[in-house]
Visitor: 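Got a structure here, written out as structure tokens. Questions coming.
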Amino acid sequence: PKDIKEGERRPVVVCQHGLEGRPTDVCNPKEKSKFYNSFGAQLADRGYIVFAPQNPYIGRDSFRQLQRKANPLKLSLFSFIVRQHERILDWLCTLPQVNGDRIAFYGLSYGGKTAMRVPAILKKYCLSICSGDFNEWIGKNVSVELKMTYMYTFEYEMPEFDLGRTFNYAEMAYLIAPRPFMVERGHDDGVGIDEWVASEYAKVRYLYANRLKIPDRTEIEFFPGGHEIHGVGTFAFLDRHLRR
């Protein structure tokens, strides 16, 4: 934003691109980019400081080879992404215009995968929004009944050792709780089906509303559309939790 006064500290939204994306896809101020609708630029116009990092899932098989090399060391691609964001958070907190207690994460697609995994580990992210990715993750990896599962796509890096016995997306969200958490889901988004997403999210809602008694800190928005940033309910969610 261009109106930050001297001594003022603003909330930050880290806006994350998806597979084969670039930060410019997220923050193009001149046009609404495909899928992302330049949501980073929109959030800057709303007064937030926006940072759009480059994540390593780019270069097709180049980064997938990194995943293969990491696995025998009991690491994954996100082992590196977590440390990358750890340094990003450290750096953001040094900036005089940044409110280090109010740094949120908002990602689409592979950026939505990041929104599930990184804030679960890095507590400096005070809020997380997963767009175009939240799913019944075990079925998404192994089902042979739907063509959109990873049994039929080229993303061979997705299956993780012992995933089915340990973490689905609800369990990842449990690690984000009690911090605010939101899901953004387009009805026609081919990464999943509404029934899978709603069923898995219901477990998250149960934890926040029934167990922790903080129902106002979680939300899901279904919208008419596909694999894209909608930026309606999510922007209101950010305003509610970052501006208070």
Side-chain angles (χ1 to χ4, degrees), residues 16 18-19 35 76-78 104-121 125 127-238 240-241:
Q16 191 64 66
L19 182 65
F35 307 123
S76 75
L77 184 68
F78 279 96
F105 191 97
Y106 186 175
L108 172 70
S109 196
Y110 229 119
K113 293 175 184 21
T114 312
M116 298 305 303
R117 292 157 177 81
V118 170
I121 298 171
Y125 279 122
L127 175 157
S128 185
I129 299 175
C130 175
S131 179
D133 184 69
F134 192 89
N135 225 320
E136 201 294 297
W137 195 238
I138 297 166
K140 172 72 173 178
N141 273 272
V142 304
S143 175
V144 294
E145 297 177 358
L146 295 171
K147 292 296 184 183
M148 54 80 177
T149 70
Y150 289 122
M151 296 296 288
Y152 297 108
T153 65
F154 62 87
E155 293 105 333
Y156 62 77
E157 80 280 6
M158 288 301 173
E160 298 282 0
F161 178 77
D162 209 22
L163 176 71
R165 197 177 61 85
T166 51
F167 286 91
N168 207 320
Y169 265 38
E171 285 74 27
M172 295 181 198
Y174 295 167
L175 294 175
I176 295 171
R179 291 167 289 163
F181 171 72
M182 184 171 179
V183 173
E184 186 175 46
R185 160 73 190 172
H187 284 302
D188 296 324
D189 190 343
V191 303
I193 56 177
D194 286 351
E195 291 82 357
W196 278 14
V197 175
S199 175
E200 190 67 13
Y201 176 76
K203 303 172 189 176
V204 180
R205 175 72 185 177
Y206 180 84
L207 175 72
Y208 275 81
N210 198 57
R211 294 292 187 182
L212 301 179
K213 311 301 182 186
I214 49 172
D216 62 316
R217 294 193 193 178
T218 190
E219 191 174 324
I220 187 169
E221 182 187 31
F222 291 91
F223 65 90
H227 192 64
E228 60 183 317
I229 293 287
H230 186 50
V232 178
T234 51
F235 284 12
F237 191 76
L238 288 167
R240 187 163 72 249
H241 291 286

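Position 1 is the first residue of the sequence; numbering continues from there.
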Visitor: Between R117 (side chain) and K113 (backbone), is there a donor-acceptor pair under 3.5 Å?
Guide: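 A pair under 3.5 Å: yes.
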Visitor: State the CZ-CH2 distance between R185 and W196, to the nearest 0.5 angstrom.
Guide: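 So the gap between those two atoms works out to 11.0 Å.
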Visitor: P119 and I176: which non-hydrogen atoms are nearest, and at how many Å?
Guide: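 Heavy-atom minimum between the residues: C-CG1, 4.2 Å.
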Visitor: Looking at NE2 of H187 and CG of D194, how far apart are the two atoms once the value is rounded to the nearest 0.5 Å?
Guide: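 That separation rounds to 5.5 Å.
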Visitor: Run the numbers on V204 and F134 for side chain to side chain contact (heavy atoms under 4.5 Å, CB included), then give the verdict.
Guide: CA-CA 11 Å; V204 180; F134 192 89; 4.0 Å; yes
Visitor: Please round to the nearest 0.5 Å and tell me the distance separating atom CE of M151 and atom CG of L146.
Guide: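 Taking CE in M151 and CG in L146, the distance rounds to 12.5 Å.
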Visitor: Between R165 and D162, is there a donor-acceptor pair closer than 3.5 Å when you use the side chain of the first and the backbone of the second?
Guide: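 Checking the backbone N and O of D162 against the side chain of R165, no donor-acceptor pair under 3.5 Å is found.
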Visitor: Applying side chain to side chain contact (heavy atoms under 4.5 Å, CB included), name anything that partners F154, two or more places apart in sequence or on another chain.
Guide: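 Side chain to side chain contact (heavy atoms under 4.5 Å, CB included) check on F154 returns L19, R60, R64.
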Visitor: Taking all heavy atoms of I129 and all of A115, pick out the closest pair and write down the distance.
Guide: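 Heavy-atom minimum between the residues: O-CB, 3.4 Å.
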Visitor: Just by distance, do the side chain of E155 and the backbone of M158 share a donor-acceptor pair under 3.5 Å?
Guide: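 Judged by distance alone, no pair lies under 3.5 Å.
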Visitor: Hey, is the main chain of M148 close enough, under 3.5 Å, to the side chain of K140 for a donor-acceptor pair?
Guide: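 Checked: pair present.
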Visitor: In Å, rounded to the nearest 0.5 Å, how long is the span from OH of Y208 to CG of D216?
Guide: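 Going from OH on Y208 over to CG on D216, the span is 10.5 Å.
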Visitor: So, using side chain to side chain contact (heavy atoms under 4.5 Å, CB included) as the criterion, who are the partners of E171 when residues are at least two apart?
Guide: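 Once residues adjacent in sequence are excluded, the partners of E171 under the side chain to side chain contact (heavy atoms under 4.5 Å, CB included) criterion are F167, N168, Y174, E200.
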Visitor: Would H227 and D189 count as a side chain to side chain contact (heavy atoms under 4.5 Å, CB included) if you check the C-alpha gap in whole Å, the side-chain angles of each, and the deciding distance to 0.1 Å?
Guide: CA-CA 5 Å; H227 192 64; D189 190 343; 2.9 Å; yes
Visitor: Answer whether the closest heavy-atom distance between the side chains of M182 and H241 falls below 4.5 Å.
Guide: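 A side-chain contact is absent here, since even the closest heavy-atom pair is not under 4.5 Å.
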Visitor: Determine the minimum heavy-atom distance between D133 and W137, stating which atoms define it.
Guide: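 The answer is OD1-CZ3, 4.3 Å.
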Visitor: Please check: side-chain N/O of Y152 versus main-chain N/O of V144, any donor-acceptor pairing under 3.5 Å?
Guide: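 Confirmed, Y152 side chain pairs with V144 backbone.
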Visitor: Checking E184 side chain against I229 main chain: does a donor-acceptor pair fall under 3.5 Å?
Guide: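 The answer is no, because no donor-acceptor pair under 3.5 Å joins these two groups.
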Visitor: Quick check for you: to the nearest 0.5 Å, what is the distance between N135 atom CG and C130 atom SG?
Guide: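 Answer for the CG-SG pair, N135 versus C130, is 9.0 Å.
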Visitor: Do S76 and E160 pass the side chain to side chain contact (heavy atoms under 4.5 Å, CB included) test, and can you show the C-alpha distance, the side-chain angles, and the key distance before you say yes or no?
Guide: CA-CA 8 Å; S76 75; E160 298 282 0; 4.0 Å; yes
Visitor: Of all heavy-atom pairs between V232 and E221, which one has the smallest distance, and what is that distance?
Guide: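 Heavy-atom minimum between the residues: CB-OE2, 3.9 Å.
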Visitor: Which atom names give the shortest non-hydrogen contact between P215 and A209, and what distance separates them?
Guide: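 That closest heavy-atom pairing would be CB-CB, 3.8 Å.
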Visitor: What orientation do H230 and F223 show, parallel under 30°, tilted 30 to 60°, or perpendicular over 60°?
Guide: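 Aromatic pair H230/F223 classed parallel.
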Visitor: Assess whether side chain to side chain contact (heavy atoms under 4.5 Å, CB included) is satisfied between L207 and F181, documenting all intermediate values.
Guide: CA-CA 12 Å; L207 175 72; F181 171 72; over 6 Å; no
Visitor: Is it true that S143 and E145 share a donor-acceptor pair across their side chains at a distance under 3.5 Å?
Guide: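 No, S143 and E145 have no side-chain donor paired with an acceptor closer than 3.5 Å.
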Visitor: Is the Y125 ring parallel, tilted or perpendicular to the F105 ring (thresholds 30°, 60°)?
Guide: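 It falls in the perpendicular class, over 60°.
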Visitor: How long is the gap from CZ on F237 to OH on Y106, to the nearest 0.5 Å?
Guide: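 Rounded to the nearest 0.5 Å, the CZ-OH separation comes to 11.0 Å.
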Visitor: Check for a donor-acceptor pair, side chain of R217 on one end and backbone N or O of P178 on the other, with a separation under 3.5 Å.
Guide: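 Yes, R217 side chain to P178 backbone: donor-acceptor pair under 3.5 Å.
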